[in-house]
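This one's a predicted model, so the numbers in the text were calculated from it and none came from an experiment. So you know, we letter chains A, B, ... as the sequences are listed, proteins then strands, and number each from 1. Hydrogens, waters and symmetry mates are skipped; everything else that's a heavy atom, side chains included, is used.
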There are 2 protein chains.
Amino acid sequence: MNKPLILVVEDDKAIRNLITTTLETQGYLYHTAATGEASILEAVSSRPDVIILDLGLPDMDGVDIIRKVRSWSNTPIVVVSARSEDKDKIDALDAGADDYLTKPFSVDELLARLRVSLRRVRYDSGKLRRDSPVFVNGGLKIDYAAGSVRLDGKEIHLTPIEYKLLCLLAKNVGKVLTHNFILREIWGSYSSDLSALRVFMATLRKKIEKDPSRPRYIQTHIGVGYRMLRVGDDSAGN
Amino acid sequence: MNKPLILVVEDDKAIRNLITTTLETQGYLYHTAATGEASILEAVSSRPDVIILDLGLPDMDGVDIIRKVRSWSNTPIVVVSARSEDKDKIDALDAGADDYLTKPFSVDELLARLRVSLRRVRYDSGKLRRDSPVFVNGGLKIDYAAGSVRLDGKEIHLTPIEYKLLCLLAKNVGKVLTHNFILREIWGSYSSDLSALRVFMATLRKKIEKDPSRPRYIQTHIGVGYRMLRVGDDSAGN
DNA sequence: CCGCTCCATTAAGATTTCATTAAGACATGG
DNA sequence: CCATGTCTTAATGAAATCTTAATGGAGCGG
């Protein structure tokens with residue numbers, strides 16, 4: 001996962017710096033805003049993972065900001081406020097805030113509560129893209145998340161290099177990949193032999209082609225390289 | 001949506017009554033538990049929408065309860081505790097709690113924070129939620145609540161690391177987990193050796209595989225990592 | 001037809017990665 | 001303090017994988 005992006009909305013420069021420097025040491029990215037107006041713009045444009053929001057902004061009521069953000073986004077909002085009255089907390093939480101800290105607050109606690117919110121973001125976003133990315137071509141199926149390959153329903157075992165090779169071809173179905181390109185992608189630019197690639201192609205074909213002499217998936221382009229063909233679904237795949 | 005079910009875990013009868021009567025007036029359903037043991041059982045059997053948890057239980061460390069519940073469930077946990085030290089809060093939140101209130105607390109604030117959690121439950125439950133206190137795969141059965149593992153009906157003993165390892169694999173059945181991923185998840189990112197992992201894999205296999213040379217559950221992907229296979233139910237499980 | 005290049009395939013070494021064992025360090029509870 | 005169980009580390013042999021080299025076939029121009 002990439003570094004989370006935190007939007008810090010706080011008009012007091014000292015506190016803002018305290019928060020941002022702390023975030024920096026923890027490896028978070030951050031944007032800042034000092035007014036309600038700016039915070040809304042930032043929330044829209046930079047789509048932060050979490051918003052830390054000071055309620056005491058000069059130009060806008062904090063609860064209104066929460067409501068405004070909530071009208072289009074579920075981004076977690078952690079409120080930081082000088083007001084410790086029950087009513088303030090309840091209003092903010094019911095408006096859509098996810099947490100409420102009163103100043104003066106402990107930086108460590110803020111970080112912990114931030115982690116809680118981030119946990120939820122990560123968890124939710126994992127659910128949204130629940131179906132693992134899969135490549136299907138005829139009877140060939142690559143499950144990238146599982147790292148497995150199926151041919152006509154049966155799982156086949158590939159060595160790491162064979163797997164990388166197949167993925168590379170699959171990512172460029174229909175395109176001819178030159179020898180040099182493949183060698184660079186798989187072995188990383190140095191030290192490699194065409195013959196090595198040929199050997200791996202042979203073993204790979206032996207595994208995924210029923211009749212290696214008349215390949216269905218991987219085609220040789222003499223003097224240039226290889227290419228994976230897009231093949232019509234002829235056999236009971238999946 | 002039906003009335004939400006809240007599990008109230010609190011050993012002090014007065015506070016418990018305070019909470020439950022409040023919940024009642026708000027139209028919530030509730031169950032109660034006064035010990036850690038009972039709370040786990042309730043969480044498993046009644047599947048509450050939210051758990052309100054007092055950390056100061058007589059029989060079990062509160063953070064352990066959180067961890068145990070989190071091992072199989074994402075039910076929001078709102079902690080209510082007499083301890084107000086930063087460290088206590090952070091430990092609880094990082095263990096998986098969603099919120100932390102210190103006694104004495106305002107009932108209205110508790111209700112507001114409860115609504116925050118419920119809002120999320122309602123939002124989340126649209127997506128498929130896999131909250132099962134047991135994991136079954138062929139003859140292998142993990143009871144997360146009890147922390148026990150059965151193989152073909154017989155209970156087997158696993159050391160803590162072996163158990164975590166098995167749970168990690170079980171949570172990602174069918175997926176290949178890289179060495180680095182496993183090391184990070186089990187040992188927490190620092191200082192660990194592949195060979196250590198291999199040793200634990202060997203001992204784990206010796207315990208759950210009848211024929212360790214031809215593993216049924218845990219497959220090794222050379223140069224990459226390990227993976228648990230989804231295995232058809234072939235032997236009389238349970 | 002011959003010689004050349006490019007390719008597929010096979011086989012055999014070299015290297016990496018793995019499983020397993022055993023011994024020592026560490027912690028835990030009595 | 002001992003006893004037990006658990007974790008770590010190191011060493012060994014085995015297995016899988018990668019590399020390299022050799023052989024033979026197909027296409028092409030001379």
Side-chain angles (χ1 to χ4, degrees), chain A residues 147 149 156-169 176-180 182-228, chain B residues 60-61 64 147-149 155-166 168-169 176-183 185-228:
Chain A
V149 177
I156 58 180
H157 178 72
L158 300 183
T159 71
I161 288 190
E162 287 162 8
Y163 180 73
K164 282 211 284 186
L165 200 50
L166 185 64
C167 288
L168 187 63
L169 289 165
V176 178
L177 306 180
T178 67
H179 295 134
N180 279 333
I182 298 174
L183 290 173
R184 251 187 296 120
E185 288 293 317
I186 305 282
W187 280 272
S189 81
Y190 29 36
S191 94
S192 30
D193 200 358
L194 246 187
S195 63
L197 175 58
R198 294 208 176 100
V199 171
F200 282 104
M201 270 308 171
T203 59
L204 182 56
R205 274 181 173 148
K206 206 156 44 180
K207 286 182 179 176
I208 70 172
E209 303 280 7
K210 286 170 182 166
D211 180 3
S213 64
R214 280 197 322 165
R216 243 182 353 150
Y217 297 109
I218 301 174
Q219 198 177 55
T220 295
H221 281 237
I222 293 182
V224 183
Y226 298 88
R227 152 171 93 146
M228 174 172 287
Chain B
M60 208 184 275
D61 181 31
D64 287 340
S148 69
V149 177
E155 178 157 353
I156 59 180
H157 176 72
L158 299 184
T159 72
I161 288 189
E162 288 163 7
Y163 179 73
K164 281 211 285 185
L165 201 50
L166 186 65
L168 186 63
L169 288 165
V176 177
L177 306 180
T178 67
H179 296 133
N180 281 333
F181 177 79
I182 297 174
L183 290 173
E185 290 293 316
I186 304 282
W187 281 271
S189 84
Y190 28 37
S191 93
S192 27
D193 199 0
L194 248 186
S195 62
L197 175 59
R198 294 208 178 100
V199 173
F200 282 102
M201 269 305 171
T203 60
L204 183 57
R205 272 184 175 143
K206 211 157 37 181
K207 288 181 180 177
I208 70 171
E209 303 278 7
K210 287 170 183 167
D211 180 3
S213 63
R214 281 200 328 163
R216 236 175 8 141
Y217 296 110
I218 300 175
Q219 194 179 59
T220 150
H221 281 230
I222 292 186
V224 182
Y226 297 88
R227 152 171 93 147
M228 175 174 286

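A side-chain N or O of B/H221 and one of B/Q219 form a donor-acceptor pair less than 3.5 Å apart. One side chain, B/D193 or B/S195, offers a donor N or O that lies under 3.5 Å from an acceptor on the other.
Look at CZ on A/R198: it is 13 Å from P on C/dT5, rounded to the nearest Å. Remark: P of C/dA8 and CD of A/E209 are 12 Å apart, rounded to the nearest angstrom. Taking atom CG of residue A/D193 and atom C1' of nucleotide D/dA22, one finds them 13 Å apart after rounding to whole Å. What separates NZ of B/K206 from C1' of D/dT6 is a distance of 14 Å, to the nearest Å. Taking atom NE2 on A/H179 and atom C1' on C/dC7, their separation rounds to 9 Å, with Å as the unit. Atom C1' of nucleotide C/dT21 and atom CZ of B/R205 are separated by 16 Å, given to the nearest angstrom. Nucleotide D/dC18 holds its P atom 12 Å from the CG atom of A/L204, rounded to whole Å. What separates CE of A/M201 from C1' of C/dA8 is a distance of 12 Å, to the nearest Å.
Close to D/dC7, at under 4.0 Å from its OP1 or OP2, lies no side-chain N or O of B/W187. At C/dC7, none of the side-chain N or O atoms of A/S195 fall inside 4.0 Å of OP1 or OP2 (strictly under the cut-off).
Set against D/dA10, D/dC18, C/dA19, the side chain of B/A202 has C/dA19 as its closest nucleotide. Of the listed nucleotides (C/dC7, D/dC7, D/dC18), D/dC7 has the atom at the smallest distance from the side chain of B/P160.
For the pair A/L197/A/L165, a side-chain contact is recorded, criterion being any heavy-atom separation below 4.5 Å from C-beta on.
Taking a 4.0 Å limit (strictly below) on heavy-atom distances, residues 218-226 of chain A reaches DNA chain C at A/T220, A/I222, A/G223, A/Y226.
Between A/Y226 and the choices A/V176, A/T178, A/I182, the side chain to side chain contact (heavy atoms under 4.5 Å, CB included) rule is met once, by A/I182.
Side chain of B/R205 to main chain of B/I218: a donor-acceptor pair is present (N/O by atom type, distance under 3.5 Å, no hydrogens or angles). At distances below 3.5 Å, at least one donor-acceptor pair connects side-chain atoms of B/E209 with backbone N or O atoms of B/R216.
Mapping A/I161 and B/H157 onto DNA chain D by nearest heavy atom places B/H157 at the nucleotide closer to the 5' end. For the pair A/E162 and B/T159, nearest-nucleotide mapping onto DNA chain D gives the more 5' position to B/T159.
For the atom pair CG of B/L204 and OG1 of B/T159, the computed distance is 8.5 Å after rounding to the nearest 0.5 Å.
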